[in-house]
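Below is one structure, written out as structure tokens; comments come after it.
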Amino acid sequence: MIPLEDARARILEALRPTAAETVALAEGWNRVLARPVLARLTQPPADVSAMDGYAVRAADAGLGTRLRLIGAAPAGHPFDQQVGPGEAVRIFTGGFVPAGADGILLQEDATESEGTVEVREAVQPNRWIRRRGLDFAEGEALLPAGRRLSARDIGLAAASNHPWLAVHRRPRIGILATGDEIALPGEPIPPGGIVSSNAHALAALVRAGGGDPLVLPIVADDRDAIAAAAAAARGCDLLVTTGGASVGEHDLIQAALGQDGFSLDFWKIAMRPGKPLIWGRLGATPVLGLPGNPVSALVCGVQFLLPALAVLSGLPAAAPPTILVRAGAALPANDRRFDHLRATLRIDSAGHTVATPFPQQDSSMLANLARAEALILRRALAPALPEGAEVPAIPLGQFGI
């Protein structure tokens with residue numbers, strides 16, 4: 001068995017980002033930029049008013065002064081003349097500050113009557129004016145390549161006049177579930193069989209990670225059938241299998257793919273749940289073989305599949321983000337396998353985040369995983385810890401799973 005961190009590093013080192021494609025701005029959310037976004041204009045394009053009021057010369061706008069109103073400058077309709085001594089222009093938020101003006105008299109600090117404006121609060125030079133280029137200038141690098149686009153990023157790209165974006169293509173992930181005993185939800189369950197949850201759960205995980213899942217039909221424990229199904233996924237950026245990853249008589253993934261030239265890098269990881277995990281390559285297609293146990297498959301998905309999706313999408317190689325929490329119960333000493341304790345989260349009266357592991361951690365309990373909000377991480381040979389001790393955890397909500 002190899003350590004979890006070594007296994008993840010070997011997986012991520014073997015992957016490369018997908019090629020770039022061009023998408024409409026409206027389709028850019030959650031995609032990863034393949035090229036940086038540079039401003040195509042300057043924002044604001046001129047000095048603009050930050051408030052409703054009057055554009056004036058500050059030197060003329062002392063307390064009690066009366067100014068002559070010579071025009072208006074609402075947003076989108078600039079005033080094309082100059083403001084001279086003793087003059088004012090009615091202006092609104094976003095309106096271009098006319099030439100000659102260097103301050104804004106707020107409308108609540110002014111009284112307008114019969115074509116004049118009385119100053120009831122002295123105007124400070126440059127007050128309430130947003131200078132040209134305050135936000136960004138034409139040619140400025142706004143968003144770097146390798147950034148996953150948020151709604152805020154989409155707004156910035158739109159404001160900088162980009163109707164199209166160059167992003168990495170969404171990784172195509174083939175998902176192949178194997179086993180004589182499994183059936184799809186709603187189909188007849190074979191004698192001694194169970195309903196398959198892995199393909200659907202992993203497909204959802206792939207979507208959460210920004211990929212496009214291709215769910216292949218369930219394949220029985222037959223070498224030729226497994227090999228044929230895997231061959232159908234050779235156009236994918238990654239093939240994920242579930243089940244058959246161990247060395248039992250019916251664990252056939254390695255044997256089935258081996259007859260088509262499968263190259264094995266490693267299998268078996270010192271982690272719980274999820275020890276039997278395969279990593280290798282079938283021709284040009286990377287293959288990640290996950291355990292058939294549903295909890296093990298999803299925990300391995302968090303630790304390996306999501307980081308793999310990130311690299312394929314154009315993001316840096318990294319472990320899943322963790323937070324420090326207080327243990328909501330005493331934790332026993334750990335053995336030689338890196339453990340993932342399914343836990344709930346709460347905020348205590350002191351404002352600390354507390355993660356409380358479920359009393360039962362059996363890897364067959366999918367309901368507990370669904371109720372879990374975090375995975376408490378316990379390294380190999382970690383010592384026993386009392387309740388309240390600080391421990392690292394992966395918050396599951398960050399992945400939308």
Side-chain angles (χ1 to χ4, degrees), residues 172-208 211-236 238-260 262 264 267-269 271-280 282 285-305 340 342 358 360-372 401:
R172 291 188 291 265
I173 310 299
I175 300 173
L176 174 60
T178 66
D180 290 340
E181 76 281 12
I182 57 176
L184 289 174
E187 291 187 348
I189 302 172
I194 58 173
V195 176
S196 172
S197 62
N198 283 355
H200 294 283
L202 291 172
L205 192 67
V206 167
R207 291 189 185 96
D212 283 333
L214 171 63
V215 179
L216 301 168
I218 291 176
V219 177
D221 290 323
D222 178 87
R223 292 188 184 188
D224 293 337
I226 293 172
R234 288 197 180 211
C236 292
L238 175 66
L239 171 62
V240 177
T241 66
T242 172
S246 191
V247 292
E249 183 178 344
H250 296 283
D251 295 318
L252 301 175
I253 292 295
Q254 294 189 55
L257 301 187
Q259 62 192 27
D260 283 341
F262 175 68
L264 176 68
W267 79 282
K268 288 203 303 184
I269 299 176
M271 67 177 283
R272 181 177 44 248
K275 179 176 72 172
L277 184 139
I278 295 170
W279 175 248
L282 184 62
T285 306
V287 178
L288 178 64
L290 302 180
N293 182 300
V295 175
S296 301
L298 279 171
V299 171
C300 287
V302 169
Q303 285 284 24
F304 304 107
L305 178 53
H340 301 74
R342 281 72 76 196
F358 293 109
Q360 292 182 293
Q361 290 289 324
D362 191 284
S363 62
S364 68
M365 301 177 70
L366 193 54
N368 268 5
L369 180 62
R371 297 185 189 105
I401 61 173

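All values derive from a computational prediction rather than experimental measurement.
Looking at His340 and Val302, their side chains never come closer than 4.5 Å, going by heavy atoms from C-beta outward. Gln303 is not listed as a side-chain neighbour of Ile269, based on a closest heavy-atom distance of 4.5 Å or more. Side-chain contact between Ser196 and Ile218 is present, with heavy atoms from C-beta onward closer than 4.5 Å. Side-chain atoms of Leu288 and Trp279, non-hydrogen and from C-beta on, do get closer than 4.5 Å to each other.
Taking both residues in full, the closest heavy atoms of Val215 and Ala203 are given as CG2-CB, 3.8 Å, listed atom of the first, atom of the second, then distance. Here the closest non-hydrogen pair linking Ala199 and Ala177 is CB-CB, 4.5 Å. Here the closest heavy-atom approach between residue Gly289 and residue Thr241 is recorded as CA-OG1, 3.1 Å. Nearest heavy-atom pair, Ala233 versus Leu239, reported as atom, atom and distance to 0.1 Å: CB-CD1, 3.8 Å. Nearest heavy-atom pair, Pro291 versus Ala297, reported as atom, atom and distance to 0.1 Å: O-CB, 3.5 Å. In terms of heavy atoms, Arg172 sits closest to Cys236 at O-CB, 3.4 Å.
The only member of Leu298, Leu202, Ile278 that meets side-chain contact (heavy atoms from CB on, under 4.5 Å) when paired with Leu290 is Leu202. Here the rule is side-chain contact (heavy atoms from CB on, under 4.5 Å) with Leu176, and of Val287, Leu216, Asn198, Leu214 only Leu216 fits it.
Panel note: side chain Thr285, backbone Arg234; a donor-acceptor pair is recorded below 3.5 Å.
In terms of the salt bridge (charged side-chain N to carboxylate O under 4.0 Å, His left out) criterion, Arg207 has no residue partners (sequence neighbours excluded).
The distance from the CG atom of Leu369 to the OG atom of Ser364 is 11.5 Å, given to the nearest 0.5 Å. Of the inter-residue distances, the one linking Cys300 atom SG with Asn293 atom CG reads 9.5 Å to the nearest 0.5 angstrom. Taken from CZ in Phe358 to CE in Met365, the straight-line distance is 8.5 Å, to the nearest 0.5 Å. Atom CD1 of Ile189 sits about 11.0 Å away from atom CG of Leu184, to the nearest 0.5 Å.
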| message | One pair to check against side chain to side chain contact (heavy atoms under 4.5 Å, CB included): Leu238 and Leu305. What are the steps and the verdict? | response | CA-CA 10 Å; Leu238 175 66; Leu305 178 53; 3.8 Å; yes
| task | Given side chain to side chain contact (heavy atoms under 4.5 Å, CB included), test Val295 with Arg342 step by step and report yes or no. | result | CA-CA 10 Å; Val295 175; Arg342 281 72 76 196; 4.0 Å; yes
